[in-house]
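Reading through the structure tokens given below for one structure.
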Amino acid sequence: MKKTQIAIFVVISIIAILALISLSKPKANVSQSLPGIEVDNFKGEKLTPISETPALGIKGVQKIDVSNYKLSVEGLAKNKISYTYDEVINKYQSYTKVVTLNCVEGWSAKILWEGVLIEDLINDAQVYKDANTVVFYSLDGYTTSLPLDYIKAEKIILAYKMNGVTLPEDHGFPFRVVAESKYGYKWAKWVTKIELTNDPNYKGYWEERGFSNDANISTP
Ligand SMILES: Nc1nc2c(c(=O)[nH]1)N[C@H]1C(S)=C(S)[C@@H](COP(=O)(O)O)O[C@H]1N2
Ligand SMILES: [Mo]
């Protein structure tokens, strides 16, 4: 082979290799809302299908367009943060757990949840020492609160998937709280703001209407 032929061969080979590398790279930071396939069990545990899980809301289903959605972390924190949907999903470690949602109305649903630790989201805001309560604000005007110590100790997640599929709109898309061992009214859906306070007696929507603030599910 002549030198020029070798040079052309080398150049073409390099282009081909670069093309292959760029094709095989996963496209990070781009969220795709593929419907996915719902799972019906997890490690042998039977899950409740989403279709059999009631969807509640004081003002009906909230529709959130993630292209102009922000999740803010405010209150007793040095560094107020405003996250996009993709930042929450891509910047933080994800966790899965099977947790049963119990409503005071008497029904329950065992679901595989996937989301990020609320502790991780608020740590980046540099929470002040006197904060002891976390208040969740939702698009429908709903609010509820949880103790900060409980959120840390129980590794409470803000979920974006249930039974392996993107959280459906009627179950709180894009993010909802999974407040395990507490009644459903602590499981805020369509969360838009997380506020750190030093008021452990803050009363949310149902708490103001007589439901207990600790909301613990009594285990007989
Ligand atoms: N934003 C918002 N979150 C909410 C509510 C609501 O009305 N608005 N209802 C709560 C109640 S009382 C229950 S039992 C659960 C029900 O969750 P699901 O609709 O996914 O079953 O959502 C909780 N989160
Ligand atoms: Mo509920």
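Throughout, numbering of the chain's residues begins at 1 and tracks the sequence. First listed ligand is number 1; within each ligand, the first listed atom is number 1.
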Report yes or no: do [X] and [Y] form a side-chain donor-acceptor pair below 3.5 Å?
| X | Y | value |
| --- | --- | --- |
| N41 | K110 | no |
| N216 | K182 | yes |
| D199 | T197 | no |
| E195 | Y137 | yes |

Starting from [atom], which protein heavy atom do you reach first, and at what distance in Å?
| atom | value |
| --- | --- |
| atom 20 (O) of ligand 1 | H171 ND1, 2.7 Å |
| atom 23 (C) of ligand 1 | G184 O, 3.2 Å |
| atom 8 (N) of ligand 1 | D140 OD2, 2.8 Å |
| atom 6 (C) of ligand 1 | Y142 CD1, 3.5 Å |
| atom 3 (N) of ligand 1 | K189 N, 3.0 Å |
| atom 7 (O) of ligand 1 | I58 N, 2.8 Å |
| atom 24 (N) of ligand 1 | W187 O, 3.1 Å |

Next item on the list: Quick one: sort the Y92 and Y83 rings into parallel, tilted or perpendicular, breaks at 30° and 60°.
Entry: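 If you compare the ring of Y92 with that of Y83, the planes turn out perpendicular.
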Next item on the list: Describe, in one word, how the ring planes of F211 and Y185 are oriented to each other, choosing from parallel (under 30°), tilted (30 to 60°) and perpendicular (over 60°).
Entry: tilted
Next item on the list: Have a look at C103, P54, S108 and point out the one with the heavy atom closest to atom 14 (S) of ligand 1.
Entry: C103
Notebook entry, point to check: Looking only at heavy atoms, which two atoms of E207 and S212 are closest? And how far apart?
Noted result: CG-O, 4.1 Å
Notebook entry, point to check: What part of T144, side chain from CB on, backbone N/CA/C/O, both or neither, has a heavy atom under 4.0 Å from ligand 1?
Noted result: neither
Item checked: Residue of the set Y160, F175, Y69 for which ring-ring contact (aromatic ring centres under 6.0 Å, His included) holds with Y85 -> F175
Under a 4.0 angstrom heavy-atom cut-off, which atoms of ligand 1 come close to [X]?
| X | value |
| --- | --- |
| A55 | 19 (O) |
| L56 | 14 (S), 19 (O) |
| S138 | 1 (N) |
| W190 | 1 (N), 2 (C), 8 (N) |

Checklist line | Close side-chain approach of R176 and L158, heavy atoms under 4.5 Å | finding: no
Note to self: Using a plain distance cutoff, I'd like to know if R176 has any nitrogen or oxygen under 3.5 Å from a nitrogen or oxygen of ligand 1.
What the structure shows: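 N/O-N/O distance under 3.5 Å: yes.
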Notebook entry, point to check: Looking at ligand 1, does W107 have a heavy atom less than 4.0 Å from it?
Noted result: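 In this structure, W107 qualifies as a contact of ligand 1 - some heavy atom is under 4.0 Å.
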Check: CG of N163 to NE2 of H171: how many Å apart, nearest 0.5 Å?
Finding: 9.5 Å
